[in-house]
Amino acid sequence: MCWGLDNRLNRIIKQDNRTVMLAVDHGYFLGPTTGLEVPKKTIEPLLPYADSLMLTRGILRTSVDSDTSVPIVLRVSGGNSILSKELSDEDITVSMEDAIRLNVSAVALSIYVGSKYEHRTIVNLSKLVDEGEKYGIPVLAVTAVGREMVRDAKYLGLCCRIAAEMGAHFVKTYYCEDFEKVVKNCPVPVVIAGGKKTPEKDALKLAFDAVSHGATGVDMGRNIFQSENPVAMIKAVRAIVHENAFVDDAYELFKGLEKEQNK
Ligand code: 5RP
């Protein structure tokens, strides 16, 4: 692997081979998502606890100070909206040159395996990997799940493996039963999305189950920034991912920090 690419990936995935990525890219097709109405307000307090920040270039430019040392994972696919009938209708939306100008540590693109535009999104991933390899920028493939897809190990394993075969340097997917099979069959690091907001303890259990079944970490959004106490939540997630905390201990930490904050 090229030294620069390796160095960038190592900035995201820490020495313990784990990572807590903070995903705030939802607006690229959802618009002003709950909790991200004023992105700067949401991002700023969480940034010190994020191993990387995943977002679009518009939010990076407007809502993140350029003196940050937190690695940026730039979403470079889009072109659809929540109103689209076909969510897989995505293309590459940012050039590699602009990603480099923005000094990103990785770029991210969604693939839609089994959906109408599967072919285009997978070929786009390969093209992005070619560009990334040229300049030493790692590529995160996001295995987006179409509305009608079942999130099981067979399907997600297929998506992750295809992403890795196309050359993605790391993959983001969903946790599922038999998750260890998904990880085993994917030769690059796998991180999980948090999905829709759930009670904090459930989200912590999701993070725990994922890392204890082989995930490199989380790329979590709504379960952090939509929490009543986002900073307490990201600290509790960190305890699981980086300190191998058990769910009950991480939840205690969350409750304790919450209490302190409300004093
Ligand atoms: C959408 C994404 C989002 O970043 C991700 O899914 C959001 O994370 P969460 O589900 O934890 O809110 O990549 O395709």
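Order of appearance sets the numbers: ligands from 1, and atoms from 1 within every ligand. Reckoned from all heavy atoms, side chains included, excluding hydrogens, waters and symmetry mates.
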For Asp98, is there an ion pair with Arg61 - N to carboxylate O distance below 4.0 angstrom? yes

ask   = Heavy atom of Ala144 under 4.0 Å from ligand 1?
value = no

For Asp51, is there an ion pair with Arg238 - N to carboxylate O distance below 4.0 angstrom? yes

Counting neighbours of NZ on Lys181 that are heavy atoms of other residues, nucleotides or ligands and sit closer than 6.0 Å, is the number greater than 12? no

Among non-hydrogen protein atoms, atom 7 (C) of ligand 1 lies closest to His26 NE2, 3.0 Å

among protein heavy atoms, the one nearest atom 1 (C) of ligand 1 is Arg75 NH2, 3.9 Å

Report, as yes or no, whether the 6.0 Å neighbourhood of atom CD on Glu37 holds more than 12 heavy atoms from other residues, nucleotides or ligands.
yes

For ligand 1 and Gly194, I'd like to know whether there is a polar contact (N/O to N/O, distance under 3.5 Å). yes

min-distance protein heavy atom vs atom 4 (O) of ligand 1 -> Asp25 OD1, 2.3 Å

With a 4.0 Å cut-off, would you call Asp178 and Lys154 a salt bridge?
no

What do you reckon, does Lys172 put a non-hydrogen atom under 4.0 Å from ligand 1?
yes

A student checking ligand 1 against Val142 at a 4.0 Å heavy-atom cut-off should list atoms 13 (O), 14 (O)

Exercise for review: May I ask you to decide whether Lys134 forms a salt bridge with Glu131, counting only side-chain N to carboxylate O separations under 4.0 Å?
Suggested key: yes

| Within less than 4.0 angstrom of ligand 1, does Asn223 place any heavy atom? | no

